[in-house]
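Below is one structure, written out as structure tokens; the observations come after it.
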Amino acid sequence: MLPRSTECPVLNCAGRRLDLTRPIVMGVINTTPDSFSDGGTLYRNAHLDIEQAMARARDMATAGASILDIGGESTRPGAQPVSLQEEMDRVLPLVARIAAELPVVISVDTSTPELMREAARAGAGMLNDVRALTRAGALEAAASTGLPVCLMHMQGEPGSMQVAPHYLDVVTEVRDFLQDRVAACERLGIVREQLLLDPGFGFGKTVIHNMQLLRGLPQLAAAGFPLVVGLSRKSMIGKLLGREMEQRLPAGLALAVMAVERGAAIIRTHDVAATADAVAMWSALQEFGEV
Ligand code: 8Y4
């Protein structure tokens, strides 16, 4: 079995330590109106929204999430672009509340340099960028925070990425892209020990590409960086098994265990309690074999 990461099993997340000796769970807290609150009705109440998100965050922390990932931009195809102010207003109050109240590492899902800086000030412990710090100023902003960064692979842009994904060899291309982004980070002074990598399941990938990436995960893990994997509820499950969104949990758990078996360090999921148990069962068997 491959190690979760060859070295440095502990990340420094703004003073909170993240032990990656065993695989851990990152819970998804979405603040976008189309996936949170009551379906984006015209009348929205910021106070109620934040209390609802806090209740979700508390539940996830109790259920075993070590990290909570907070995003204010929807990356689903066809989603409305979000202004900087709106993204800040959605994310920052929640970061501050969670930092004050819950013993978790807060990851901020953003590609926006200004939000990276402000989120770090508000108490974020990690940055998660689906654009791998490719936006103007993002490398500099991330470097200035000193926080660990998850670099994710995406082919194209959210609006059009699923139109015609194409690769000659998806595993090699994803690995080479991420390697280039690691080099770009290092040039700006972000040390390797603070970097995590993610193949970006579903981001400009067909079901076949996703399957090839999951089977090829050990080749990505071999680079020695902790791997973040997000497969929970994604359309791959719908397409392969014909399951609607509400019926994707069992397959999501299977995928989580398969990812961990192939070297994933962090599982990003909407279903924290079930995923934490699935991953803990994997760790129990793993440690049984080690003694
Ligand atoms: C159903 C459920 C359908 C979820 C689509 C989705 C990842 C990520 C997202 C990921 C990292 C999503 C922000 C897409 N996915 N960040 N973010 N890795 N690091 N879609 O796989 O969850 S959002």
Side-chain angles (χ1 to χ4, degrees), residues 11 18 24-32 34-36 60 65-79 82 87 90-91 105-112 115-116 119 124-135 138 142 147-159 161-162 165 170 174 177-178 181 195-207 209-210 213-214 217 220 225-241 243-249 251-253 255-256 259-260 264-272 275:
L11 286 182
L18 203 58
I24 58 172
V25 170
M26 169 191 274
V28 180
I29 305 271
N30 225 311
T31 66
T32 52
D34 57 358
S35 52
F36 164 63
M60 285 187 169
S66 309
I67 311 171
L68 295 179
D69 190 41
I70 303 169
E73 180 210 15
S74 176
T75 46
R76 76 167 64 155
V82 172
E87 198 189 356
R90 286 177 185 176
V91 170
V105 167
I106 302 159
S107 160
V108 174
D109 155 24
T110 187
S111 302
T112 309
L115 180 55
M116 292 176 188
M126 181 185 294
L127 301 172
N128 173 32
D129 186 2
V130 299
R131 295 178 183 81
L133 306 181
T134 55
R135 278 212 181 140
L147 296 178
V149 184
C150 176
L151 302 168
M152 199 196 79
H153 174 275
M154 166 162 56
Q155 185 178 82
E157 269 284 314
M161 65 191 178
Q162 290 305 110
V170 69
V174 166
F177 169 83
L178 292 173
R181 298 314 297 160
L195 292 174
L196 306 96
L197 304 182
D198 186 329
F201 286 100
F203 285 82
K205 281 125 191 150
T206 64
V207 175
H209 296 140
N210 289 327
L213 276 172
L214 184 52
L217 212 59
L220 301 178
F225 298 90
L227 293 183
V228 179
V229 162
L231 284 158
S232 119
R233 300 187 190 175
K234 283 190 178 170
S235 66
M236 170 184 181
I237 299 170
K239 287 177 181 147
L240 283 167
L241 305 185
R243 295 285 181 265
E244 295 304 326
M245 199 65 87
E246 312 73 48
Q247 293 166 348
R248 294 179 184 175
L249 175 59
L253 297 178
L255 290 169
V260 157
I266 299 177
I267 301 296
R268 183 181 182 274
T269 181
H270 303 76
D271 305 295
V272 169
T275 305

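Each ligand, and each atom within it, is numbered from 1 in the order the structure gives. Quick caveat: nothing in here was measured; it's all calculated off a predicted structure. Side chains included, hydrogens not; waters and symmetry mates left out as well; all remaining heavy atoms used.
Note that the CG atom of Asp69 and the CG atom of Asp109 stand 5.0 Å from one another [nearest 0.5 Å].
Formation of a donor-acceptor pair under 3.5 Å by the Thr206 side chain with backbone atoms of His209 is found in this model. Within the 3.5 Å criterion, the main-chain N or O of Gly202 finds a donor-acceptor partner in the side chain of Asn210.
Pocket lining of ligand 1, defined as residues with a non-hydrogen atom under 4.0 Å away: Thr75, Asp109, Asn128, Val130, Cys150, Met152, Asp198, Phe203, Gly230, Ser232, Arg233, Lys234, Met245, Arg268, His270.
Heavy atoms only, all atoms of each residue included: Ala265 and Pro226 are closest at CB-CB, 4.0 Å.
Salt bridge Arg233/Asp271: present, at least one basic N to carboxylate O contact under 4.0 Å.
At a cut-off of 3.5 Å, with distance as the only test, a side-chain donor of Ser111 or Arg131 sits close to an acceptor on the other residue.
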